[in-house]
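Each remark here refers to the structure printed beneath this line.
Computed from a predicted structure; not experimentally measured. In this chain, residues are counted from 1 in sequence order.
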Amino acid sequence: MKDAAVKRLKDQLFVARAHYPSIAKLKHQERFTRELKQNIQEHERMLSETIADADLPPFFAKKLEKMDHIIERVKSCEVGCSNVERKLRQLLDITEDEAYFHTRQSAFLYHLGVQTMPKTHHCLSMRLTVEYFKSASLHRELLYEQTLDDPAYFHYVMFSRNVLAASTTINSTAMNSKDSGSVIFHLFTDTQNFYAMKHWFDRNSYLEANVHVINIEDHHKLSKNARSIERQQFWPTEEYRVTFRNHSQPFQRQMKTEYISVFGHSHFLLPDLLPNLNRVIVLDDDLVVQKDLSSLWNLNMGDKVIGALQFCGVRLGQLKGYIEEHNFNADSCVWFSGLNVIDLEKWRDLGISNLHGQLLPKLPEDSLVSHRLKTLPRGLLAFQDLIYPLEDSWVQSGLGYDYGISRVDIEKAATLHYNGVMKPWLDLGIHDYKSYWTKYMTNGERFMAECNIH
């Protein structure tokens, strides 16, 4: 172990502290008491900034040996066992309290780390935004504007605030397309990130694919019926960590946690955002494409509206605490965003967007948190009985939280979905899965080097 010596030093310190009050009360042991106290303080100083053995000073072995001799002398003294036991229990309680505090602090910092944009990514976005306004001559539009509404092309849709993530997903899709010249990406973002996105995709090309960056907040075709809080905000894919009890398992394993990604409110504006298209494929920005997706355009979904990966490890009946307001089929499997085939024509005919807005009582206009909490039941129920289940081989999900996915399953999947909090662009991302994402990350971009993104 890398901290074997550190653990031994801590054990010595624990024992010495437990005996010290009893030794200090003995008569004619003042000198020994001072020596014990001095060695305790030296151990505390050594361990105050030490995690692994490599951090220890070179003289720690002598301190270790010296404390062993002192503890032998301590145990030879006649002291009341009850006093030592009481002190040991007191130290144990304090240690448990400290461990609990640090565990909660660690959990808080972990979630803060995964939910906050890394400063390197913030740097990239800011540099690109500044450069956008400095390099007006660089701005270019799609080579053929008329192709934006041409159903003969393969139209992919993304909603994202993350430049690097969006470009990696787009790059992987283009590189694995049999005909990248027939691919158009409609990338929706908000005002804050629009100029960074625009400049990035002006600077970088993805084979022959075209990328159309759109500021959703300025789009003139947004639904006039959308409530202001929903119309003014950009709501990309929402991801939820849901915990529920699985009574089919032994008691110790009944609590189960899964990550479910569903459409945000912005997805339900798609019929208005792309009024001339009848079929699109929606990609999340935490998805990596490994194979050609063109066959999905010919997928016969019958009377279904959306093709999605269904996950029957979680059923709607197990999420009653989240969607208790409405009647629903408790045996229905949940579905994931990530890779979704959308039939916009059927969507419009069935009025899915209006249904989505009417599913739940209206929320207060300023309740952003409440709105996000309501996205899960809205997203799951709006497409109830309208899901066409994609074959499992299309998507391998769980790469953002599940350490147990085999290399064989990863490599045979058409796409990899990093749903979960450990995204591949974060330092906290699962190391074994990062290479599949970095393989498609843009290289040679000077702003990435300047912002220390590797």
Side-chain angles (χ1 to χ4, degrees), residues 142 147-160 165-189 201 206-214 216 236-237 261-264 266-302 304-310 335-348 352-353 379 382-383 386-397 413-419 440:
L142 291 176
T147 63
L148 290 177
D149 298 328
D150 190 340
Y153 284 77
F154 300 141
H155 295 270
Y156 294 91
V157 176
M158 292 183 65
F159 296 85
S160 178
S167 67
T168 302
T169 301
I170 288 173
N171 192 34
S172 67
T173 307
M175 288 183 65
N176 289 290
S177 295
K178 293 179 179 178
D179 181 11
S180 63
S182 298
V183 171
I184 296 178
F185 292 94
H186 304 266
L187 175 56
F188 293 96
T189 189
F201 289 103
Y206 300 88
L207 298 181
E208 298 178 14
N210 279 313
V211 182
H212 185 209
V213 182
I214 307 153
I216 193 173
T237 298
S261 56
V262 297
F263 284 173
S266 295
H267 289 78
F268 288 89
L269 302 174
L270 272 174
D272 293 323
L273 294 169
L274 301 170
N276 298 317
L277 295 180
N278 291 329
R279 174 166 287 204
V280 296
I281 291 179
V282 180
L283 306 176
D284 284 356
D285 63 6
D286 57 355
L287 189 85
V288 165
V289 177
Q290 300 190 120
K291 297 180 181 179
D292 177 61
L293 303 180
S294 59
S295 61
L296 290 175
W297 297 97
N298 300 318
L299 188 66
N300 182 5
M301 299 195 297
K304 307 301 183 183
V305 172
I306 175 173
L309 179 70
Q310 283 195 308
W335 62 274
F336 288 162
S337 68
L339 172 68
N340 302 108
V341 185
I342 306 291
D343 190 324
L344 289 175
E345 188 174 14
K346 289 191 178 69
W347 183 316
R348 296 184 188 100
I352 299 296
S353 296
F383 295 102
L386 297 174
I387 301 293
Y388 179 88
L390 297 179
E391 294 181 5
D392 291 344
S393 59
W394 280 110
V395 186
Q396 175 59 62
S397 62
T415 64
L416 305 178
H417 191 195
Y418 289 80
N419 60 314
Y440 296 105

inquiry  = Working to the nearest 0.5 angstrom, can you tell me the gap between L299 CG and E391 CD?
reply    = 9.0 Å
ask   = Hey, does I170 have a side-chain heavy atom less than 4.5 Å from the side chain of F201?
value = yes
key: Residues forming a salt bridge (Lys or Arg N to Asp or Glu O under 4.0 Å) with D286, sequence neighbours excluded   = K423
request  = Could you tell me whether a side-chain N or O of E208 sits under 3.5 Å from a main-chain N or O of D179, the two making a donor and an acceptor?
outcome  = no
Side chain to side chain contact (heavy atoms under 4.5 Å, CB included) against N171, all qualifying residues, sequence neighbours excluded = M175, Y206, Y440
query = For V289 and N176, which heavy atoms make the closest approach, and how far apart are they?
reply = O-ND2, 2.9 Å
request  = Apply side chain to side chain donor-acceptor pair (under 3.5 Å) to S393 and list each qualifying residue two or more places apart in sequence or on a separate chain.
outcome  = none
task = Enter the distance from M158:CE to I281:CD1 here, rounded to the nearest 0.5 Å.
result = 13.0 Å
key: Given D285, D284, T189, the one that forms side-chain hydrogen bond (donor to acceptor under 3.5 Å, both in side chains) with S160   = D285
key: Residue list, side chain to side chain donor-acceptor pair (under 3.5 Å) with N300, at least two apart or on another chain   = none
request  = Rounded to the nearest 0.5 Å, what's the gap from CG on L344 to CD1 on I352? Could you check?
outcome  = 11.0 Å
request  = Take Y153 and L277 through the side chain to side chain contact (heavy atoms under 4.5 Å, CB included) test and state the conclusion after the steps.
outcome  = CA-CA 10 Å; Y153 284 77; L277 295 180; over 6 Å; no
request  = Without swapping roles, check the side chain of S180 against the backbone of A174 for a donor-acceptor pair under 3.5 Å.
outcome  = no
ask   = What is the minimum heavy-atom distance between S295 and W394, and which atoms define it?
value = OG-CH2, 3.2 Å
ask   = Tell me, do V157 and L273 make a side-chain contact under 4.5 Å, heavy atoms counted?
value = no
key: Pairwise side-chain contact, T237 with H267, heavy-atom cut-off 4.5 Å (strictly under)   = yes
query = Of all residues at least two apart in sequence or in a different chain, which pass the side chain to side chain contact (heavy atoms under 4.5 Å, CB included) check with A308?
reply = I306, W335, N340, I387
task = Compare all side-chain heavy atoms of Q396 with those of Q290 and state whether any distance is below 4.5 angstrom.
result = no
message = Tell me every residue that passes ring-ring contact (aromatic ring centres under 6.0 Å, His included) with Y156, counting only those two or more places apart in sequence or in another chain.
response = F185, W297
request  = Give, for atom CE of M301 and atom CD1 of I342, the distance between the pair rounded to the nearest 0.5 Å.
outcome  = 7.0 Å
ask   = Which residues pass the side chain to side chain contact (heavy atoms under 4.5 Å, CB included) test with D392, sequence neighbours left out?
value = L309
query = Looking at side-chain heavy atoms only, is the closest gap between V282 and L270 below 4.5 Å?
reply = yes
message = Applying side chain to side chain contact (heavy atoms under 4.5 Å, CB included), can you list everything that pairs with E345, at least two apart in sequence or on another chain?
response = N278, D343, D349
query = Is the shortest heavy-atom distance from the side chain of L283 to the side chain of L339 under 4.5 Å?
reply = yes
key: Expected output: side-chain N276 to main-chain D149 donor-acceptor under 3.5 Å   = no
query = Quick one: side chain to side chain donor-acceptor pair (under 3.5 Å) partners of S397, sequence neighbours excluded?
reply = none
key: From L187 atom CG to I184 atom CD1, the distance as rounded to the nearest 0.5 Å   = 13.5 Å
task = Enter the distance from L287:CG to T168:OG1 here, rounded to the nearest 0.5 Å.
result = 11.5 Å
query = In chain order, what residues pass the ring-ring contact (aromatic ring centres under 6.0 Å, His included) check against W347, with sequence neighbours excluded?
reply = F268, F383
inquiry  = Could you check whether any side-chain heavy atom of T173 comes within less than 4.5 Å of a side-chain heavy atom of S177, counting everything from C-beta outward?
reply    = yes
ask   = Who passes ring-ring contact (aromatic ring centres under 6.0 Å, His included) against Y388, sequence neighbours left out?
value = none
ask   = What is the minimum heavy-atom distance between L148 and H155, and which atoms define it?
value = O-CE1, 3.2 Å
task = Sequence neighbours left out, what passes ring-ring contact (aromatic ring centres under 6.0 Å, His included) with H417? Give chain and number order.
result = none
request  = Return the minimal non-hydrogen interatomic distance between L296 and R279, and the atom names on each side.
outcome  = O-NH1, 3.3 Å
request  = For residues P389 and Q310, report the shortest heavy-atom separation together with the two atoms involved.
outcome  = CB-OE1, 3.4 Å
